[in-house]
Amino acid sequence: MGQSVTMKILNAHLTSGQRHVPAGEEILVTVDQTLTQDATGTMAYLQFEAMDVPQVRTKRSVSYVDHNMLQTGFENADDHAFLQSFAAKYGIYFSRPGNGICHQVHLERFSVPGQILLGSDSHTPTSGGAGMIAIGAGGLDVAVAMAGGPFGLPMPKVVGVRLTGKRQPWVAAKDIILEMLRRLTVKGGVGKVFEYHGEGVADLTIPERATICNMGAELGATTSIFPSDERTRLFLRKQGRESDWTALEADLDASYDEVIEIDLTQLEPLIAQPHSPDNVTTVRELAGLPLDQVCIGSCTNSSFHDLAIAAHVLRGKRVAENLSMTLTPGSRQVFATIARDGILADLIAAGARVLEAACGPCIGMGQAPKSEGISLRSFNRNFEGRSGTPNAKVYLCSPETAAVSALRGVLTDPREGGAYVATREPDEYDTNDEGMILQPADDPSAVEVERGPNIKPLPLRGPLEETIEGSVLLKVGDNITTDHIMPAGSKILPLRSNIPAISEFVFVRIDPTFPERAKKAGGGIVVAGSNYGQGSSREHAALAPMYLGVKAVIAKSFARIHRANLINFGILPLTFEKEADYDALEREDALVIPDVRGQLKQGGSIEVLQTGSGRRIRCRSELSDRQLEILLSGGLLNHVRSGHASGQSQPAVDAASHLATATMVSTNGQSRPGRPAS
Ligand code: MIC
Ligand code: SF4
C-alpha cells in the first residue's frame with residue numbers, strides 16, 4: 001500500500017523502534033528546525049538555558065520578533081534585547097523586529113520540503129504549504145527539541161483533502177479553508193493531519209497553500225500539508241533556495257484514514273461570523289453589513305498577492321469614509337516587493353493605514369476597533385475580546401472580500417468588484433536578509449545575554465502530590481480558548497516574561513475574581529466542556545494557572561497543544577467518562593483525587609470524589625508512559641532534570657543546578673526566591 005506525504009515524512013523522523021503505530025498512540029519524532037516568536041520565546045529560551053546545552057542541536061533554529069512590537073514601556077524592548085543576545089550566544093538565527101511575521105518569513109526563507117519544523121506558535125503549520133510537517137507546540141517542547149530531544153505527539157490520522165475543479169474569479173484560498181471550517185468545526189481536526197491533493201493543488205501558489213495550512217490550526221488539526229511539486233520548486237528558486245527543493249508527492253495508491261472532497265468550482269466567497277472561526281456562512285448572505293474597520297494582514301493573509309489584490313481593487317480610489325482600513329505586509333520581503341512594484345503607493349494613495357510587518361491588530365497590538373465596532377479581517381481568529389475591544393464583532397474573510405468591502409463601506413461579495421485581474425507573483429523576491437536575519441555569533445563565549453528587569457525567573461512546581469484536594473475554582477463550557485484562559489493584547493502581552501505579574505490576568509475575561517480566589521484557596525481544580533484550550537500554543541495558559549495553584553483540569557475533551565502544555569507544567573488533565581458528571585459539578589464543590597499517583601500508575605479509570613455529595617466521578621487520564629513520568633515529576637523541566645528526556649540524542653541536560661539558578665536568581669542579578677514548590 002502506498003504512502004501519503006505525511007507518512008513518508010513521519011516515518012523518516014520516527015525515533016527507532018516505532019512502526020505502524022495506531023492513531024492516538026504517542027510517537028516520538030526528531031525535529032529538524034524550530035521557530036519561536038517573542039511572546040512565547042522568552043520563556044522557551046529561559047527553559048532551554050535551564051537545560052545547560054551550549055548550542056542548539058537542530059539543523060536550524062530561528063527566533064522571531066513579531067508579536068510584542070508596541071513599545072509603550074521598557075518591557076517589550078527588554079525582551080527583544082534578551083532574545084537577540086540569546087540567539088547570538090546559542091546558535092540561533094535572529095529575525096529582527098521589522099523583518100516580519102514568523103510564519104511568513106519562515107515560509108520564505110527557511111522552509112524545506114520533507115523536514116519537520118516545531119514552533120512555539122499554533123500557526124507554525126503555515127510552512128506545510130512548502131511540503132514540511134510543521135507543528136505548533138508549547139515553548140517547553142520547543143526548548144527540548146532545541147536541546148536535541150525528540151517531540152512526542154499522538155499519532156495522527158491522515159485525512160486526504162481532494163481538491164477538484166477550478167476556482168471561480170474572486171474565490172480565494174481563504175475560502176477553501178473557511179469551507180473546511182464550515183464543514184468540520186473548530187474541533188473537527190483534533191488528532192488529524194490534513195493532506196491536500198488532487199488536480200486543484202497545482203493551481204495554488206505556495207503562499208495560497210500556506211494560507212490553507214495556516215488556518216488549519218483553527219480546525220484543531222495537528223498540522224496540514226501540501227505536496228512539494230514544481231510550484232514549490234519555482235517558489236524556492238525565486239527565494240534563491242532551489243537547492244532546498246525535493247519532490248514529495250503521495251504515492252498513487254496512497255491510503256488515507258478519511259477522505260474529504262472539495263469541488264472548487266462550487267465554492268463561493270465565505271465569511272466567519274463572531275466569535276468563532278467555524279461560524280461560517282456565505283458573504284452573499286450577509287452582504288450590506290455596515291463596517292467600521294477592515295484589516296488585511298496576519299500570518300494567514302499577508303503575502304504579496306494579498307496586498308496586490310487590495311491595490312488592484314483600490315487603485316485610483318479611496319477607502320470608504322465610514323471605516324478605517326489597515327494593511328500589514330507579512331514580511332520585510334513582501335513590504336520591499338510591494339514598494340518596488342508601486343503597489344504600496346497605490347495603497348497609501350487610497351487612504352489605507354499601512355502598518356509595520358508584524359502581527360499587529362491580529363493579537364490586539366493596536367488598532368482595537370471602536371466600542372461595538374464591526375471589524376472585517378483577513379485573519380484567522382475572531383475570539384471575543386481578542387481585538388482589544390471586548391464588545392467588538394470580528395468577521396473573518398479573504399483579502400478579496402475585505403478589499404472590495406473597504407471600498408464600498410459595507411460587506412460586499414467580491415464578485416461584484418468588477419473584472420478580476422489575477423495578480424502575478426513577482427519574478428524575483430527581495431532575498432537580501434543581510435542585517436535583518438542575524439547569524440549566530442562566531443564566538444559565543446564573547447556574548448553576554450542581556451536581561452532587563454522585565455525578564456523574571458521561571459516558576460516551577462514540585463512533584464505531583466499523593467492526593468489532590470481542592471474546590472472547583474471555575475466551571476466553563478465548550479470550546480474555551482487559550483485567549484479566555486490567558487488573554488493577550490497590548491496590555492497583557494508585555495508581561496509574558498513575568499509569570500507572577502501575568503498570572504493576575506488568568507481567566508479575567510470570564511471571571512475577574514479568578515486570580516484572587518485561586519490564590520486565596522491555595523489553588524484548586526477547573527472543570528470544562530469539550531475542546532478545552534483550543535487556539536494558541538501559549539504555554540502561559542498552563543504556566544500561569546500552575547503558578548496560581550491549579551492542580552487539575554477535568555474536561556469533556558482537550559485541544560492537543562493545550563493538553564500537552566498542561567502536562568508539561570504538571571497540571572493533571574482528566575476527561576469525564578460520563579457527561580452527566582460534568583453536569584453534576586458546580587463551582588466551589590470540594591473535590592478529592594485520592595492516591596492520585598497510585599491511580600495514575602495503575603492506568604484505567606481515575607476516581608474523583610465530590611466530597612459534599614459523596615459522588616464518585618470516573619475520569620480518564622490517557623497518558624503515555626512518557627507523559628505519566630512527566631506528570632509524576634511535576635512537569636517536563638523537572639523530568640528532564642532527573643535525566644529522563646527519553647530519546648534524547650545526547651544527555652541534553654544536567655539541569656539540577658541550572659534549574660535552581662533559573663528559578664531562584666532573578667535575571668538582573670538580585671537573588672529572589674522562586675515560588676515554593678507546592
Ligand atoms: C495567537 O495567534 O494567538 C498567538 C499569539 O500567535 C499564539 C501564541 C502566543 O500566544 O504567544 C499562538 O497562536 O500560538
Ligand atoms: Fe501573529 Fe496573529 Fe499569526 Fe498569531 S495568528 S502568529 S498573533 S499574526
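Bear in mind that the values here come from a model prediction, so they are computed numbers and not experimental data. Sequence positions, counted from 1, serve as the residue numbers for this chain. Note that ligands are numbered from 1 as they come in the structure, with each ligand's atoms numbered from 1 the same way.
Close contacts between ligand 1 and H67 involve ligand atoms 4 (C), 5 (C), 6 (O) [criterion: under 4.0 Å to a heavy atom]. Interface of S537 with ligand 1, defined as ligand atoms under 4.0 Å from a residue heavy atom, comprises 12 (C), 14 (O). Those atoms of ligand 1 that come under 4.0 Å of a heavy atom in A39, given as number and element, are 11 (O). The ligand atoms of ligand 1 that sit less than 4.0 angstrom from a heavy atom of T40 are 9 (C), 11 (O). For ligand 1, the atoms sitting less than 4.0 Å from at least one non-hydrogen atom of R386 are 1 (C), 2 (O), 3 (O), numbered in the order shown with element in parentheses. Interface atoms of ligand 2 facing H103, defined by a heavy-atom separation under 4.0 Å, are 6 (S). Every atom of ligand 2 with a heavy atom of R386 under 4.0 Å away is listed here by number and element: 2 (Fe), 5 (S), 7 (S). Close approach of ligand 1 to D121 is summarised as follows: ligand atoms under 4.0 Å from at least one heavy atom of the residue are 4 (C), 6 (O), 7 (C), 8 (C), 12 (C), 13 (O), 14 (O).
Note: Y90 and F86 have parallel aromatic rings, judged against thresholds of 30 and 60 degrees for the angle between ring planes.
Ranking the protein heavy atoms by distance from atom 13 (O) of ligand 1 puts S122 OG, 2.5 Å first. Of the protein's non-hydrogen atoms, the one nearest atom 7 (C) of ligand 1 is S536 CB, 3.2 Å. When only non-hydrogen protein atoms are considered, atom 1 (C) of ligand 1 lies nearest to R381 NH1, 3.2 Å. The protein atom (non-hydrogen) at minimum distance from atom 8 (C) of ligand 1 is Q37 NE2, 3.2 Å.
The distance criterion of under 3.5 Å between nitrogen or oxygen atoms is not met by D483 with respect to ligand 1. Here's the thing with S120: none of its N/O atoms is less than 3.5 angstrom from an N/O atom of ligand 1.
Only the side chain of I363 comes within 4.0 Å of ligand 1, judged by heavy-atom distances.
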query: Does the pair R563 and E539 meet the rule for a salt bridge (Lys or Arg N to Asp or Glu O under 4.0 Å), with working shown?
result: CA-CA 10 Å; R563 180 173 181 274; E539 62 189 4; over 6 Å; no
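Proximity of a side-chain donor or acceptor of N498 to a complementary backbone N or O of K456 within less than 3.5 Å is not detected. Counting only distance, with no hydrogens or angles, the side chain of R461 and the backbone of G635 share no donor-acceptor pair below 3.5 Å. Checked by atom type and distance alone, the side chain of Q37 pairs as donor or acceptor with a backbone atom of A39 at under 3.5 Å.
Between F383 and H484, the distance from one ring center to the other does not fall under 6.0 angstrom.
Among protein atoms, those of element N, O or S found less than 2.8 Å away from atom 2 (Fe) of ligand 2 are C362 SG.
By heavy-atom distance, the residue among R496, H540, R538 lying nearest atom 11 (O) of ligand 1 is R496.
Proximity of R538 to ligand 2 is not established, as no heavy-atom distance is less than 4.0 Å.
Just one residue in the list D121, N214, T300 forms a side-chain hydrogen bond (donor to acceptor under 3.5 Å, both in side chains) with T126, and that residue is N214. For the side-chain hydrogen bond (donor to acceptor under 3.5 Å, both in side chains) with S122, the lone residue among R538, R381, R560, E218 that qualifies is R381.
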